[in-house]
Each structure stands twice: as structure tokens, then as C-alpha cells.
Protein chains: 2
Amino acid sequence: MLSKSCEYALKSILYITKHSQNLERVGAKNISDELDIPYHFAAKLLQILAKADIISSQKGPNGGFYLTADNLTHSLADVVFAIDGNGIFVDCILGLKTCSETRPCPLHYEFIDIKIKIAKVFEDTTLDQIKSKLLSGEFYLNNLNVSCQYERKNK
Amino acid sequence: MLSKSCEYALKSILYITKHSQNLERVGAKNISDELDIPYHFAAKLLQILAKADIISSQKGPNGGFYLTADNLTHSLADVVFAIDGNGIFVDCILGLKTCSETRPCPLHYEFIDIKIKIAKVFEDTTLDQIKSKLLSGEFYLNNLNVSCQYERKNK
DNA sequence: AAAATAAAAGACCTTTATATCTTATTGTAA
DNA sequence: TTACAATAAGATATAAAGGTCTTTTATTTT
């Protein structure tokens, strides 16, 4: 559905959103540890999001990633678009380049609805909206029991 | 959304369905040419579908792939499952292994609906049902103008 | 019935894309 | 001026996609 990059980017930005009280900063290391994302992979994705002005960053001691009031107006669709492009919203389910209303594949009309619905979820969800949801404690961004698996942690 | 393998497998079986009049046989070469799928890739996928009893095959001269009355009762979900597994129907959009009703991710409830709808389309579409749709000539399985692109053809 | 042939089945290899890791640089705050 | 943390380029590993070749099986044809 989404690439691993995009899953990681969404989880990362949601984690930052959850910790975005009065411009608090979150380090890539912190995100990587908490969400079980390879450190340098997370760092690269956060760079892309920062360059696209979807999140803000600050170098140096006590630096990290954070969200301004403006950043909080972005939707999750902006994140998906920055990492994976618009393929998930528009591509033919059978991968046909020239599939369209005038030359539809046998599943074209069935999937128009589904793709619109997927786009709607991402577009209608702004970071600001999702913030309280995250602070309620009823929703989770990581797997249960990760510490019980004897996996090597990145430095 | 779907892997390339799965896209190819679906297009292939739909092509066979379209040509499944009185047990007519279609060769892998034919499928590969018509749908622009690498020959040996198509052959491999057709093998998997034949082993799973989703399609039928016949070796030797005038052999090829075809559909019995029983084969025609299969749904597209059977094809997706045989090639990609059930991930598209059940996996968490953020890739969380332990995402569930009791430990939902922030997008869990939004995507339950979407995943059910996707499953419904594939499960509700049997080959038998889609056959007349394909024979109507209003739906297409390949791209327009492929012959205009100067691409190398497989032998 | 035997030989020739057509087409699927299967093992294995190469290429390409995605994901992950290494190392170095730059900017900022204390 | 030192330590911290983002930025950046590039290398390596892993997985997906695509390709080559051989074997098996069944149907023709002689």
C-alpha cells in the first residue's frame, strides 16, 4: 500500500506531533528508538520533510525536529505526497498507464471510489486535528513488546 | 498497492477468462505479447496459479492455459491471495504488527472501512462474472499505443 | 509405435529498486 | 571552543523484478 519510507515518515511526523507542545524539539535518535526505525533512515526522511517545509528543524545542542503553528496545518496527504508521490491516489490497480474513463480496465470503476476514499482520509487528517487524538493515550505508534525481542539496537 | 507480480497475474487471468470459450487454450507467449509482460515472468506466475488450481494447464502442442467451469467460480481475491497473500486486506497502514482494535494506530478505524471495501471488490468479483464484461469490448487489459514505443521485444 | 515438436515446469542467474549503514560536514548553543 | 545534532554524500545489503537455460510432458506426424 505505502512504501516503508512512507510508513516511517508518517509514524515519525505523528510522533513529533504528539510531542509538539510549545515548540518542544524531538531528536532523530529519539524517534528512531521509540518507533523502531533505523536511525539513518529516519534521519533521511526527516530531512526530506524539513526541506518540504512540512516539519521544522534546529541544529546544535537541544536541537531537533518540531512543528510550528503553520506546520500543524499540514495534512497527512502532504507527507504521503512528499515521500511516495500521488500514485496511491491515482494509479490503476492493474498498473495500466493508459487506464482512464475513456479506456477503463475491468476494475476501473470499482477502484475509483476506493482511491477517493483513501485520498479523503489522508487529506482530511491535519496534524493539528490528530494531535489531541494522540494525546488521549488511546492510540499507539509503536509495536507492543519490542524490548522482548532480542534484536540489535542501532548505536 | 499490489505488487507487480500480482498486477501481472490479475491481467493474465483476465486475459485467459476473456478467451475461455469452450476450453480454448492460451499460451504464455500470447499472454506475454498481448499484455506486455516479460515472458518468463508471466510463465512463472501462471505456474503458481496452475498449482493453486486457480487456472488449468495443458502441455504439448496446442497446449496452454485455460479455465474449466470450476476455475471460473474463483474470485480475484483468490489470485491476489495466491500471489501477494492477504496483506492488502489486513495490514496496518503504518506497518504496525500489533495494531488492532485493542491497540489501534491513529488511522486504524479510518482504514478498516477501506480495507473491507478493497476485499469486497476482489472477493465479489468472480471470473465468471467478469467474463461478459470483458467480452463487451468496453474494458481494456493493455495500454494504448504500445507499438509506438520503440521498445525491445522479448524473443 | 517412434520421432519430432510444442509448450509448460523448474532451477538458477542477472539486473534494478528499495532499504539500511558508514562516514564526513555544517551549523548552533552553552 | 567544544559538544551536540541536523545535513549530506555515498557505500553496502536485501528484496523485487526480469532473464537464460534445461527438463518434462503431451501431441502430432510419419
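Predicted, not measured: the structure shown is a model, and the values here were computed from it.
Nearest to the side chain of A/Y39, among D/dA6, C/dG10, C/dC21, sits D/dA6. Across C/dA19, D/dA8, C/dG10, the shortest atom-to-atom separation from the side chain of A/F41 is found for C/dA19. Listed nucleotides C/dT22, C/dA6, C/dA8 differ in distance to B/P61; the shortest reach to its side chain belongs to C/dA6. Closest approach to the B/S57 side chain among C/dA8, C/dG10, D/dT7 is made by C/dA8 (side chain taken as heavy atoms from C-beta onward). With distances taken from any side-chain atom of B/F65 to the nucleotides D/dG10, D/dG18, C/dA8, the minimum falls on C/dA8.
Look at B/N62 and you'll find a side-chain N or O under 4.0 angstrom from OP1 or OP2 of D/dT28. Between D/dG18 and B/Y8, a contact under 4.0 Å exists linking OP1 or OP2 to a side-chain N or O.
Residue order along DNA chain C, read from the 5' end via each residue's closest nucleotide, puts A/S3 first among A/S3 and A/Q58. Annotation: of the two residues near DNA chain C, A/G60 and B/G60, the 5′-most nearest-nucleotide partner is B/G60.
Here the P atom of nucleotide C/dA6 and the NZ atom of B/K29 are 13 Å apart, to the nearest Å. Atom CD1 in A/I31 sits about 12 Å away from atom C1' in D/dA6, given to the nearest Å. One can place NZ of B/K44 at 14 Å from P of C/dA9, the figure rounded to the nearest angstrom. In this structure, A/I83 places its CD1 atom 19 Å from P of C/dA17, rounding to the nearest Å. Atoms CD (A/Q47) and C1' (D/dA9) sit 10 Å apart, rounded to a whole Å. Atom C1' of nucleotide C/dA8 and atom CD1 of B/I54 are separated by 17 Å, given to the nearest angstrom. When the C1' atom of D/dA26 is taken as reference, atom NZ of B/K59 falls 8 Å away, rounded to whole Å. Distance CD1 (B/I55) to P (C/dA9): 8 Å, rounded to an integer number of Å.
Among the protein residues, B/A43 comes within range of no part of the nucleic acid, since none of its heavy atoms lies under 4.0 Å from any strand. Backbone-only engagement by B/K51 is indicated by non-hydrogen atom pairs under 4.0 Å involving sugar-phosphate atoms exclusively.
Between A/N30 and A/Y15, the side chains place a donor N or O and an acceptor N or O closer than 3.5 Å (distance only, hydrogens not considered).
The two residues B/K115 and B/D91 come nearest to each other via the heavy atoms NZ-O, 2.9 Å.
How far SG of A/C105 is from CG of A/L94: 4.5 Å, rounded to the nearest 0.5 Å.
Between B/D33 and B/K29 there is a salt bridge, with a side-chain nitrogen of the basic residue lying less than 4.0 Å from a carboxylate oxygen of the acidic one. Under 4.0 Å is where a charged nitrogen must lie from a carboxylate oxygen, and between B/E110 and A/K133 at least one such pair does.
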